[in-house]
Participant: 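So that we are looking at the same thing, I have put the structure below in structure tokens.
Chain letters run A, B, ... following the sequence lines, proteins first, then strands; residues in each count from 1. These numbers come from the heavy atoms of this one structure, side chains and all, not from hydrogens, waters or symmetry mates.
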Protein chains: 2
Amino acid sequence: MKIQQVKNRTIIENKFYKEKADKLKPNFNKNIIHPISIIEMTPDVNEIHGWKSNVVEPAADLKGKDFGKGDTFILDFGKHLVGYLTTNIKPVGSPPDAPLHLRLTFGEMPVEVAEPFSNYNGWISSSWLQEEMLHVDVLPEVLSLPRRYSFRYVKVEVLDTSAKYRVSFEDIYCNTVTSADSKNVVPLNSSDKELNVIDQVSINTLKDCTQSVFEDGPKRDRRMWLGDLRLQALANYETFQNNDLVKRCLYLFAAVPNEEGQIAANLFMEPQLMPDDTYLYDYSLFFTTTLYDYYMVTKDLETLDDLWPIAYRQIELGLERLDERNIVKDDETWWSFIDWNDDLNKQAPSQAILIYAMKKAKKLAQILNNKETYRFLQKKIEDVTESTLQHLWDKDVEFFVSGSDYQVSWASQVWMVISGVLDQKSNLKLMNRLLTEKPSIMMNTPYMYHHLAEALLLLGEKKKTITIIKEYWGGMIKDGADTFWELYNPSNKDYSPYGSHLINSYCHAWSCTPTYLIRKYNL
Amino acid sequence: MKIQQVKNRTIIENKFYKEKADKLKPNFNKNIIHPISIIEMTPDVNEIHGWKSNVVEPAADLKGKDFGKGDTFILDFGKHLVGYLTTNIKPVGSPPDAPLHLRLTFGEMPVEVAEPFSNYNGWISSSWLQEEMLHVDVLPEVLSLPRRYSFRYVKVEVLDTSAKYRVSFEDIYCNTVTSADSKNVVPLNSSDKELNVIDQVSINTLKDCTQSVFEDGPKRDRRMWLGDLRLQALANYETFQNNDLVKRCLYLFAAVPNEEGQIAANLFMEPQLMPDDTYLYDYSLFFTTTLYDYYMVTKDLETLDDLWPIAYRQIELGLERLDERNIVKDDETWWSFIDWNDDLNKQAPSQAILIYAMKKAKKLAQILNNKETYRFLQKKIEDVTESTLQHLWDKDVEFFVSGSDYQVSWASQVWMVISGVLDQKSNLKLMNRLLTEKPSIMMNTPYMYHHLAEALLLLGEKKKTITIIKEYWGGMIKDGADTFWELYNPSNKDYSPYGSHLINSYCHAWSCTPTYLIRKYNL
């Protein structure tokens with residue numbers, strides 16, 4: 001038994017789960033991709049973040065050029081890539097009598113290679129900004145950078161050569177990596193061309209996030225969060241069908257709960273499997289629902305059997321947070337994610353997610369023929385649902401309210417609809433009122449928009465959903481997305497919860513779900 | 001036969017010489033050195049470059065500290081080192097949820113870790129400034145930097161961790177490298193303690209420059225220049241006696257002359273043996289004199305036999321530059337080094353060096369029993385000496401003059417004395433006049449000061465030489481030298497021929513000669 005002591009926590013690693021996960025390490029599919037164009041970025045107020053990419057000449061022309069101190073160029077690889085950069089650098093002129101000093105900047109978006117990172121003033125670590133400064137002592141050199149990058153654009157700045165020589169970049173390419181296998185994806189071939197494009201961008205997003213585990217974003221945070229995993233798994237079932245990777249991720253989460261048995265919000269894979277010390281109310285419950293989704297697709301009873309105790313433990317812990325009224329306690333001691341929105345009260349949506357997770361757990365108990373748990377959950381669902389209607393449903397405003405200020409948010413309504421607290425007819429009315437009245441506590445992430453779309457689809461509202469998908473995810477594409485972004489607020493396109501859009505992730509797992517919505521619900 | 005085409009040059013590599021050199025590749029002596037103190041640099045107008053190093057606490061205290069964004073510390077290793085840095089970095093706090101971003105700055109001198117390199121505005125490449133910015137994705141990490149550095153001080157700047165973790169540097173050390181073997185050095189044990197110290201600093205300088213070849217400076221240019229090699233070899237014979245390394249370097253230079261047979265001023269060893277496209281009148285002639293010095297110490301007739309044709313060719317090429325008066329032509333087409341001094345006219349000192357080299361060649365011809373060449377050189381030496389006295393000796397000012405402006409410089413007098421153009425009595429008078437009248441075209445480098453010292457010693461002026469050694473090289477030690485500097489002008493201690501003292505080399509081969517002067521001449 002492996003025990004990790006991490007900052008006042010004791011993590012007891014479950015060897016059985018860990019070994020099962022290790023056996024499911026995926027193979028990687030690799031590709032060599034060359035840049036398409038040499039480009040320049042020009043300011044343009046009509047473009048996202050104020051920068052427009054302009055083609056200067058084909059990237060093939062690079063071979064004939066040479067560069068000295070202060071010279072710079074930007075390459076466009078034509079699409080979003082995740083992988084390792086290699087460049088073959090040759091000296092031009094006299095033998096190199098000083099090292100070459102280079103700065104390489106990788107951007108998923110034009111702004112990242114247009115504005116200097118020294119402008120960054122956000123509150124999360126600037127170390128995520130993809131930039132390297134390096135010296136090359138011996139030329140020619142085939143320079144293969146050891147770190148993995150997530151990018152479409154590469155800015156190359158020659159900081160110095162010497163007065164006696166310059167350099168040429170004879171070849172430059174990216175070795176892309178993913179454990180997703182595109183051969184498994186059935187073409188959508190929708191009669192709606194826009195949906196085909198949105199489906200493809202979703203798939204590209206998922207592909208670039210599918211690595212040794214399902215990562216949230218290959219630029220940042222490059223690790224597995226349960227909230228992302230849940231949605232990636234759903235999109236994966238409809239596309240790459242890399243179901244063993246979902247299984248692996250479930251076993252990894254199950255291997256390192258805390259002393260109470262709670263599943264961490266995210267895991268680190270290096271230098272060894274380690275749970276983050278962030279625990280989110282909703283994310284822990286999603287372990288149970290993700291196992292449910294996995295079982296429904298795979299009918300893998302062995303895995304369900306293995307992981308059920310951990311899955312059920314999340315429900316128990318979720319229930320422990322209920323007050324005497326059967327309402328999730330809202331105070332300073334907890335964090336439930338729901339959406340990136342500082343103004344959003346998390347009580348009501350968390351209450352809904354607890355009910356949603358209990359319903360999934362109830363079905364799993366039934367499958368496992370665990371009658372006692374089944375009955376317990378059935379009763380608990382009824383009680384908590386009744387309490388929810390009694391305490392969180394505001395008959396006057398006809399919305400669910402959350403927290404001591406009775407906040408009306410999109411998130412609360414959406415999650416209550418998904419949880420099925422009301423009947424279908426009331427849900428329909430609620431959603432229509434939501435879309436008409438548009439409460440001011442909006443949604444900031446594709447993650448929350450996904451739940452809006454799914455809530456509508458559960459009510460059969462395909463047309464409305466297609467409109468939302470086209471406006472929201474389609475809007476990202478119109479704004480230049482090659483892969484879907486972590487954050488997108490159409491009315492504030494510079495939005496970042498981190499203090500700077502430079503650090504946002506522009507290929508983010510939780511944004512890949514249109515392919516799931518389109519395919520699962522036959523849009 | 002290997003032919004290199006480099007920028008309009010054809011280099012035909014002599015395989016026989018190259019293979020002999022390759023067989024003499026040295027072994028390296030390695031040592032692990034830990035820092036002594038954590039220090040801070042404070043401005044102080046009385047210190048060299050305006051910076052004083054102050055001890056804050058023992059370096060052992062580092063282990064208990066941790067550092068976050070913006071934190072910085074400077075380590076003092078207590079002496080000049082050449083080698084590879086390793087540090088064991090551990091995270092403190094939550095699991096690291098973002099890469100560590102570090103900047104490491106290496107300084108031979110306090111100024112290099114006290115002032116930002118962004119201040120650098122010199123004309124040679126800023127890429128020599130020893131600074132690395134790097135990301136560490138996984139912690140803990142034993143970080144071993146791949147590049148070799150030349151330093152006493154290391155500044156560590158934590159550019160970013162994240163809000164959730166900090167880092168500690170559990171261990172930090174340098175793996176030093178040199179091919180010099182200190183066991184071969186006989187202690188000086190002079191009754192003059194000051195000379196013992198100067199001797200030791202000389203030896204430290206030579207040691208740190210003694211690598212796979214004799215390098216000029218381990219910080220910059222990290223390669224073999226003939227002018228440095230000649231002096232290193234002289235110091236080496238008196239100390240480390242790594243005579244095979246001198247032999248190796250001679251064969252390397254001999255392996256890659258240009259089409260005319262001229263030896264390049266310096267060689268690159270990576271990615272393959274390659275001569276620089278700089279050819280210096282004086283340096284090419286020093287191939288011959290360095291072979292002479294080597295033979296006199298080793299009596300290695302086989303090497304002399306092998307290399308004589310190349311050595312003699314340098315004399316022929318030197319003679320080709322004489323005009324009809326037998327005086328070295330001074331025009332825009334050549335470069336003779338002599339000293340770092342833009343105001344210095346190189347004609348007279350180059351003329352002296354030609355005579356000096358011819359005299360060495362004549363002795364080698366005698367050893368090789370090459371009578372014809374011996375007689376030719378004897379006659380030539382007489383002719384050129386006579387011409388020198390006729391055209392370059394100014395009877396009125398009683399100094400040698402150089403160039404169309406009849407410039408009177410220290411370099412001209414010193415080299416004329418060394419070449420023995422005048423008789424000993426006249427030389428003595430000349431040197432006394434030089435030291436009294438102090439012409440304004442002074443000396444900027446220990447390289448030129450070495451020749452002043454040697455000129456005096458050839459005249460038996462031990463006392464005067466000791467005074468100069470103590471004032472000049474001893475002055476560097478008083479100003480903080482652990483190893484002797486490339487440049488030192490006592491009346492302008494910020495002097496740099498490169499536009500900034502940040503880029504000067506503070507461990508430089510051509511400055512290591514006091515140990516030779518002290519030991520060879522029994523000072």
Participant: Ion pair present between B:Asp277 and A:Lys164, side-chain N to carboxylate O less than 4.0 angstrom?
Facilitator: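 Counted as a salt bridge, because a side-chain N and a carboxylate O are separated by less than 4.0 Å.
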Participant: As an exercise: rank A:Leu159, A:Asp221, A:Asp276, A:Asp97 by heavy-atom pairs under 4.5 Å with chain B and give me the winner.
Facilitator: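 Maximum pair count with chain B is reached by A:Asp97.
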Participant: Measure B:Arg223 against the heavy atoms of chain A and call it side chain, backbone, both or neither at under 4.5 Å.
Facilitator: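 It is the side chain, since no backbone atom gets that close.
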Participant: Measure distances from B:Leu267 to the heavy atoms of chain A and classify the residue's part below 4.5 Å as side chain, backbone, both or neither.
Facilitator: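 For B:Leu267, there is no contact with chain A at all, as no heavy atom is under 4.5 Å.
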Participant: Chain A heavy atoms under 4.5 Å from B:Thr278: which part of the residue, side chain, backbone, both or neither?
Facilitator: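 Backbone plus side chain of B:Thr278, per the 4.5 Å heavy-atom cut-off to chain A.
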Participant: Do you know the tightest heavy-atom contact between A:Ser126 and B:Asp160?
Facilitator: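 Smallest interatomic distance, heavy atoms only, reads OG-OD2, 2.6 Å.
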Participant: Measure across A:His135 and B:Glu131 and return the closest heavy-atom pair with its distance rounded to 0.1 Å.
Facilitator: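 Distance-wise, the nearest heavy atoms are CE1-O, 2.9 Å.
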Participant: Can you list the steps and then say if A:Glu270 with B:Asp137 is a side chain to side chain contact (heavy atoms under 4.5 Å, CB included)?
Facilitator: CA-CA 9 Å; A:Glu270 299 286 349; B:Asp137 287 322; over 6 Å; no
Participant: Identify the heavy atoms of A:Ser127 and B:Pro99 that sit nearest to each other, and give their distance.
Facilitator: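 Nearest heavy atoms, A:Ser127 then B:Pro99: OG-O, 2.6 Å.
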Participant: Answer with side chain, backbone, both or neither: which region of A:Arg220 has an atom nearer than 4.5 Å to a non-hydrogen atom of chain B?
Facilitator: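 No part of it gets close to chain B.
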Participant: Between atom NE2 of A:His101 and atom OG of B:Ser125, what is the distance when rounded to the nearest 0.5 Å?
Facilitator: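 Going from the NE2 atom of A:His101 to the OG atom of B:Ser125 covers 9.0 Å.
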Participant: So for A:Leu129, is it side chain, backbone, both, or neither that comes closer than 4.5 Å to the heavy atoms of chain B?
Facilitator: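 For A:Leu129, the backbone is the part near chain B, not the side chain.
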Participant: Side chain from CB out, backbone as N, CA, C, O: work out which of these in A:Pro91 comes under 4.5 Å of a heavy atom of chain B, or both, or neither.
Facilitator: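 No part of A:Pro91 comes within 4.5 Å of chain B.
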Participant: Under 4.5 Å between any side-chain heavy atoms of A:Phe268 and B:Val138, yes or no?
Facilitator: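 Not touching, per the 4.5 Å side-chain cut-off.
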